[in-house]
Amino acid sequence: MIEKDIVITNKLGLHARASAKLVQTLHGFQSSAFISCRGKEVNAKSIMGVMMLAAGLGVALKLRTEGPDEAAAMAALVDLFERKFDEGQ
Amino acid sequence: MSVGVLLMTHESMGAALVNAARHVLGRLPLPLDVQEIGANDDPEQRLRAAAASARELDHGDGVLVLSDIYGATPCNIAQRLPQLGVHMRCVSGLNLPMLLRVLNYPEQSLDELAQTAAHGGRGGIVVDHP
């Protein structure tokens with residue numbers, strides 16, 4: 001299991017398109033993935049789960065991956081946040 | 001395995017939801033069609049059109065029909081599709097969370113996807129944002 005703390009830096013936060021992109025990215029991995037925010041944990045492969053966090057700019061998240069490719073899944077996840085979901089801002 | 005998705009709604013609703021889903025997801029992973037029923041449409045003619053659409057969407061795993069409100073004409077027409085040989089499950093109360101959730105599980109069987117749709121539609125309703 002790998003855990004990592006991250007802060008949302010893209011302007012629109014985990015809005016619909018970003019949530020969809022996150023879920024689609026994780027679908028390429030076998031590992032389970034979870035996101036915790038304000039004491040609530042959701043399945044990061046569930047688009048409605050991720051959206052229900054309603055997590056905006058500046059919100060702190062805990063990412064967790066668990067499974068055979070957990071390191072690669074976590075790297076892809078962190079990369080997506082660091083790239084600001086390719087939204088440019 | 002791939003289920004077809006048929007939206008049966010009142011005018012302007014189905015296409016708007018599909019546009020929103022496309023905006024969020026980009027490419028849609030399941031074959032999908034929209035049948036919007038107008039107030040002055042002939043139900044018999046629209047039933048035939050819906051059946052033709054459903055047959056085209058069905059690649060052997062059936063069709064998930066999503067209708068906007070139970071008991072209204074689009075849904076009532078959908079309920080008659082099995083009489084025309086359409087293999088389907090119908091879930092009513094269509095909303096954007098339901099549609100997005102369905103499109104996020106394209107590998108599921110028809111029965112699973114019907115439950116996924118219902119769960120997504122209910123789960124997408126949130127009162128207040130504390």
Side-chain angles (χ1 to χ4, degrees), chain A residues 8 10-61 63 65 67 69 73 76-77 79-81 83-89, chain B residues 1-3 5 7 13-32 34 61 64 66 68 89 91-109 111-130:
Chain A
I8 297 177
N10 65 309
K11 190 177 168 189
L12 297 176
L14 282 177
H15 65 123
R17 263 176 302 145
S19 300
K21 199 164 202 172
L22 188 149
V23 168
Q24 284 162 357
T25 299
L26 286 171
H27 272 179
F29 297 94
Q30 278 178 268
S31 297
S32 311
F34 303 89
I35 302 178
S36 319
C37 169
R38 306 181 194 104
K40 184 175 170 187
E41 183 179 77
V42 301
N43 175 2
K45 289 185 172 181
S46 153
I47 188 163
M48 291 316 298
V50 175
M51 286 198 61
M52 288 300 139
L53 292 174
L57 174 65
V59 169
L61 305 175
L63 312 177
T65 57
D69 49 7
L77 206 47
D79 184 48
L80 199 55
F81 279 98
R83 278 170 22 222
K84 300 182 192 287
F85 296 87
D86 303 319
E87 290 172 359
Q89 54 179 0
Chain B
M1 179 181 306
S2 175
V3 169
V5 179
L7 270 54
M13 273 203 63
L17 286 169
V18 173
N19 281 342
R22 208 167 259 132
H23 163 74
V24 172
L25 299 172
R27 196 186 67 87
L28 303 185
L30 287 172
L32 186 146
V34 179
D61 298 308
L64 181 69
L66 304 177
D68 52 4
R89 296 290 303 271
V91 180
S92 305
L94 172 61
N95 56 20
L96 188 56
M98 178 187 292
L99 182 59
L100 290 179
R101 191 154 196 266
V102 163
L103 294 172
N104 199 39
Y105 294 92
E107 71 288 352
Q108 288 190 347
S109 70
D111 286 344
E112 289 170 328
L113 211 48
Q115 295 305 320
T116 293
H119 191 262
R122 288 192 193 103
I125 296 170
V126 179
V127 179
D128 273 345
H129 298 275

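Proteins get letters first, then strands, A, B, ... in listed order; numbering begins at 1 in each.
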Would a distance-only check, ignoring hydrogens and angles, find a side-chain to backbone donor-acceptor pair under 3.5 Å from B/N104 to A/K45? yes

Taking the side chain as every heavy atom from C-beta outward, state whether B/L25 and A/I47 have any pair of such atoms under 4.5 Å apart. yes

In Å and rounded to the nearest 0.5 Å, what is the CG to CE distance from B/L96 to A/M48? 7.5 Å

Neighbour count >12 (heavy atoms, 6.0 Å) for atom CZ, B/R122: no

When the 4.5 angstrom heavy-atom criterion is applied to B/H119 and chain A, the contacting part is neither

Between CE on residue A/M51 and CZ on residue B/R101, distance to nearest 0.5 Å: 13.5 Å

Please classify the contact of A/S46 with chain B as side chain, backbone, both or neither, using a heavy-atom distance under 4.5 Å. both

Chain B contact via A/H15 - which portion, at a heavy-atom distance below 4.5 Å: neither

